[in-house]
Amino acid sequence: MSRACVTRAKLTVLPNTMARRPKKLRLVTWNINSIRLRLARLADLAVALEPDVICLQETKVADEEFPLREVRATGYRHIAYRGEKAYNGVAILSKIPLAVIPSTPDWCGKGESRHLAVDLDIPGAPVRLHNFYVPAGGDVPDPEANPKFRHKLDFVAEATHWFANGAGSIPRQIIAGDLNIAPLPDDVWSHRQLLDVVSHTPVETEALGRWQATAGGWIDAMRHFVPPPEKLYTWWSYRNRDWRQSDRGRRLDHIWISPDMIGTLKSGEVLKDARDWPLASDHVPVCVELLV
DNA sequence: ATGGTTGCATAGCAA
């Protein structure tokens, strides 16, 4: 009887008074550019970085065709995906149990698969993870002449309003994905030459800055570890004979954490070597480790 | 200025 009482007392007191040992969360975002074509590269990524959670963009597969069995075989039991035939598509692969957030916006009313949000089941309190694939925006940086650029600006503006008006008030959140904007001068191989190139125009970088300023100011996790003026890229075009020699890269893929998580940042890495993998994606994985 | 490469609706798009 007395023993049971002691046990009960411990159980009620422990969570409130003693520090919980933080859980390691190694998170990767990667534009895989067709998950079915690159299933073997996904296995390479699992071995190279041993992520706990992987956010994928451009899976390019309808949900009925999603290679669930093959992805499970890479070691990820908890899988959420939202796709469409041939274009777009996002997925979250996790070793940590997750719950999909069912009611996310239909961005720009287009019914596209560009956002997936989940709550990761972390002891203490959940971590809400958003996986985004922002529209690339086409070639002409003029919203009047190019509807794809208009769509990109509208998408970023909608996301800004969503996080500014409620969604940003939730604690312990992460935004990861291919945001298709290189915000800083040192996020591109030539700031001057890319000022009128879609992905680095002032209208885009300023819009991204307004998004990043929501929720009290999202922290750019990779730039926490690799601050400017060091160059940092996550994408190199296929249209170069030798991507490493020309090195005309851009940092399009990002991991942001809500400001309450600043103390969780442990390390960050861009897996540049993945650009040399056989049948490589034009994007490489970005990895951040947090202690949550 | 143009073209360069890749993936999928395998034919033009989108990136």
Side-chain angles (χ1 to χ4, degrees), chain A residues 29-42 44-45 55-67 70-71 81-91 107-108 110-115 131-143 145-156 176-183 187-190 192-201 203-205 207-208 233-254 271-286:
Chain A
T29 182
W30 186 31
N31 181 319
I32 194 170
N33 189 14
S34 172
I35 189 171
R36 287 179 294 181
L37 191 69
R38 264 178 266 285
L39 276 166
R41 299 294 80 75
L42 187 61
D44 291 345
L45 169 62
C55 293
L56 297 175
Q57 304 86 35
E58 284 206 271
T59 52
K60 295 189 174 179
V61 64
D63 289 347
E64 313 82 70
E65 313 288 331
F66 190 89
E70 294 85 344
V71 170
Y81 48 96
R82 174 174 293 152
E84 59 193 88
K85 189 180 191 175
Y87 295 110
N88 309 320
V90 282
W107 301 100
C108 303
K110 286 181 170 284
E112 295 181 332
S113 303
R114 296 186 176 274
H115 177 214
N131 181 12
F132 275 100
Y133 175 52
V134 171
D139 289 331
V140 179
D142 175 0
N146 173 12
K148 292 200 284 270
F149 195 69
R150 174 82 271 159
H151 178 210
K152 182 180 199 173
L153 297 180
D154 288 348
F155 189 102
V156 172
D178 176 3
L179 306 186
N180 262 318
I181 297 171
D187 291 339
V188 293
W189 63 275
S190 168
R192 186 179 59 81
Q193 287 180 257
L194 272 76
L195 274 171
D196 59 353
V197 172
V198 171
S199 73
H200 194 62
T201 65
V203 67
E204 293 168 87
T205 57
L208 193 71
Y233 314 138
T234 65
W235 173 88
W236 292 260
S237 172
Y238 283 127
R239 305 178 195 182
N240 276 315
R241 187 173 305 173
D242 184 335
W243 70 273
R244 200 184 282 274
Q245 193 273 326
S246 54
D247 199 23
R248 296 186 164 192
R250 306 178 200 171
R251 188 171 73 104
L252 305 179
D253 304 276
H254 302 272
L271 192 62
K272 192 173 175 181
D273 288 351
R275 191 60 182 78
D276 269 335
W277 281 347
L279 198 67
S281 170
D282 45 355
H283 296 252
V284 297
V286 175

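Note that the structure is a prediction, hence the values are computed from the model and not measured. Chain A is the first sequence line, chain B the second, and so forth, proteins listed ahead of strands; every chain is numbered from 1.
- Rounded to whole Å, the separation between the C1' atoms of B:dA11 and B:dA1 comes to 26 Å.
- Note: CD (A:Gln245) to C1' (B:dG4) measures 15 Å, nearest angstrom.
- Using a 30° and 60° split on the angle between ring planes, A:Trp107 and A:Phe155 fall in the tilted class, from 30° to 60°.
- The distance from atom NZ of A:Lys60 to atom C1' of B:dC13 is 11 Å, rounded to the nearest whole Å.
- Straight-line distance from the CZ atom of A:Arg248 to the P atom of B:dG3: 17 Å, rounded to whole Å.
- Nearest-nucleotide positions on DNA chain B place A:Arg36 closer to the 5' end than the other of A:Asn180 and A:Arg36.
- Between the CG atom of A:Asp139 and the C1' atom of B:dG4 there is a distance of 13 Å, given to the nearest Å.
- In this structure, the CG atom of A:Leu37 is 18 Å from the P atom of B:dT5, given to the nearest Å.
- Checking side-chain atoms of A:Arg275 against main-chain N and O of A:Trp236 turns up a donor-acceptor pair under 3.5 Å.
- A:Asn33 places its CG atom 6 Å from the P atom of B:dG7, with the value rounded to the nearest Å.
- A close approach under 4.0 Å does occur between a side-chain nitrogen or oxygen of A:Lys148 and OP1 or OP2 of B:dA14.
- For the pair A:Thr59 and A:Tyr133, both in contact range of DNA chain B, the more 5′-proximal nearest nucleotide belongs to A:Thr59.
- Judged by distance alone, the side chain of A:Lys60 and the main-chain N or O of A:Leu37 form no donor-acceptor pair under 3.5 Å.
- Geometrically, A:Arg250 does not engage A:Trp235 in a cation-pi contact, judged by NZ or CZ lying under 6.0 Å from the ring centre and within 45° of the ring axis.
- Rounded to the nearest Å, the gap between the C1' atom of B:dT6 and that of B:dT10 is 14 Å.
- Contact between the side-chain N/O atoms of A:Arg38 and the OP1/OP2 oxygens of B:dG7 is found at a separation under 4.0 Å.
- No contact: A:Ile35 has no heavy atom under 4.0 Å from any strand.
- In this structure, A:Asp282 atom CG and B:dG4 atom P are separated by 18 Å, rounded to whole Å.
- In the interface, the side chain of A:Tyr87 is paired with the base of B:dA9 through a donor and an acceptor atom under 3.5 Å apart.
- Dashed line: the shortest gap from a side-chain N or O of A:Ser34 to OP1 or OP2 of B:dC8 is under 4.0 Å.
- Rounded to a whole angstrom, the distance from the P atom of B:dA15 to that of B:dA9 is 15 Å.
- Counting only distance, with no hydrogens or angles, the side chain of A:Thr234 and the backbone of A:Leu252 share a donor-acceptor pair below 3.5 Å.
- Taking atom CD1 on A:Ile32 and atom P on B:dC8, their separation rounds to 11 Å, with Å as the unit.
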